[in-house]
Amino acid sequence: MATQTYVPISSQTLGSAAASVTFSSIPSTYTDLVLVISGRSTATAGNNNSQLILNGDNGSNYSMTRLTGDGTSPASDRVSNGFYAGWAFIENNTNSNFTPIIYHIQNYANTTTYKTVIGRGAGASNFISAAVSMWRSTAAINSIYVGNTGGNFVAGSTFTIYGIKAA
Amino acid sequence: MSPILGIYASQGKLLGSYESIATINIGTGGSSGASFTSIPQGYKHLQVRFIGKIGSATGAPSIYFNGVSSGTSYSWHEIRGDGSSVAAYSSTSAPYLSDTVSPSTVYNNSNFTAGIIDILDYSNTNKNKTLRQLVGVDNNGSGVIELFSGQYMSTSAITQLDLFNGYTWQQYTSIALYGIK
């Protein structure tokens, strides 16, 4: 029988609006994590940012570099000594679109290096974004909090975390 | 220093829909390159997932296929953001795919570049081969994020994939090759 390499660890679908979802007790037996989000913010204006807080660390231990396009102009921005990772844009609630976001965390369980999160988000109405962020911790990742700067996620938003096991 | 070879480690194994083919983990002392050879042809697509660092502040990780690292068989485009500005680069008739994102641009013992490389239809002998990459590194005040696309102007099936940088891949670098059915 083929070895399972790309395995769903946990999935959450919001039955009602919620500020966040958290994946806890993430096993350390995989090589990489992939977080797949199909979400929309309840905010009614602006480009909201998705937020990842790792292992409950709410300190200024994150930093990010981002590349975006809004259909008119490309842009790049940065946050140093920030309070979360991730930073891909997420749609606001002025339309019915859900933003697909995929984050990758390679070697998430190693205890030697800082953790790098890389991902992309694409809002059908007004933007595309790619971002890389660093969590300045050598701890293995065992929990991921997913929030957004615009407030809550709408009902129907889905969040799934996968584990990938290298040979 | 000899490159480390990633050999198909499970010959004869039943192929799944997303399967690990081989992984190269760089140990103490580093390695000048990373090579996946004898890539099985039973998948539809390939994906490389890496997190790595090179031993130079100016080196650029590069990719070539089937041992072809000279001549004019490649072309590529990229767009990159450095936290304040956006730039685009390209090259035609190139000897290999040269990614200008350097894991060591922000050289630090704890910061590693992450990347995902997709190669669709790698075994098709009727098409030139294309590659796309999402790659980036952040160092709390510097860093880059990049989207990259490349072409290998050959209809040959890909049986070998090399990642090199002209310097050395540093310890704790990990490069994994997956097959997608």
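Here is how names work: the chains are called A, B, and so on, in the same order as the sequence lines, proteins then strands, and each is numbered from 1.
- You'll find the side chain of B/Val144 stays beyond 4.5 Å of the side chain of A/Thr65, heavy atoms only.
- Interface remark: B/Ser85 contributes backbone atoms only to the contact with chain A (heavy atom separation under 4.5 Å).
- In this structure, the portion of A/Val34 lying under 4.5 Å from any heavy atom of chain B is its side chain and not its backbone.
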Throw together a table of side-chain donor-acceptor distances under 3.5 angstrom for residues 96-105 of chain A, partners on residues two or more places apart or in other chains.
| from | atom 1 | to | atom 2 | distance (Å) |
| --- | --- | --- | --- | --- |
| A/Asn97 | ND2 | A/Asn95 | OD1 | 3.3 |
| A/Thr99 | OG1 | A/Glu91 | N | 2.6 |
| A/Tyr103 | OH | A/Ser50 | OG | 2.5 |
| A/Tyr103 | OH | A/Trp87 | N | 3.2 |
| A/Tyr103 | OH | A/Ala88 | N | 2.9 |
| A/His104 | ND1 | B/Arg49 | NH1 | 3.3 |
| A/His104 | ND1 | B/Arg49 | NH2 | 3.0 |

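- When heavy atoms are compared at a cutoff of 4.5 Å, B/Leu177 does not approach chain A at all.
- If you take CG on A/Asp32 and CD1 on B/Ile51, they are separated by 8.0 Å, rounding to the nearest 0.5 Å.
- For A/Asn107 against B/Tyr172, the heavy-atom pair with the smallest separation is ND2-O, 4.4 Å.
- Residues A/Leu67 and B/Val86 are in side-chain contact: their nearest non-hydrogen atoms beyond the backbone lie under 4.5 Å apart.
- Considering only heavy atoms from C-beta on, A/Thr5 comes within 4.5 Å of B/Tyr178 through its side chain.
- Here the straight-line distance linking atom OG of A/Ser133 with atom CG of B/Asn140 works out to 11.5 Å at 0.5 Å rounding.
- Checked against side-chain hydrogen bond (donor to acceptor under 3.5 Å, both in side chains), A/Thr68 has no partners two or more places apart in sequence or in another chain.
- With a 4.5 Å cut-off on non-hydrogen atoms, B/Ala114 touches chain A through its backbone and its side chain both.
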Given salt bridge (charged side-chain N to carboxylate O under 4.0 Å, His left out), test A/Arg78 with B/Asp138 step by step and report yes or no.
-> CA-CA 9 Å; A/Arg78 170 186 312 290; B/Asp138 186 275; 3.5 Å; yes
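- With sequence neighbours excluded, no residue forms a ring pair (Phe, Tyr, Trp, His ring centres under 6.0 Å) with A/Phe23.
- Among the residues in residues 148-156 of chain A, none has a non-hydrogen atom closer than 4.5 angstrom to a non-hydrogen atom of chain B.
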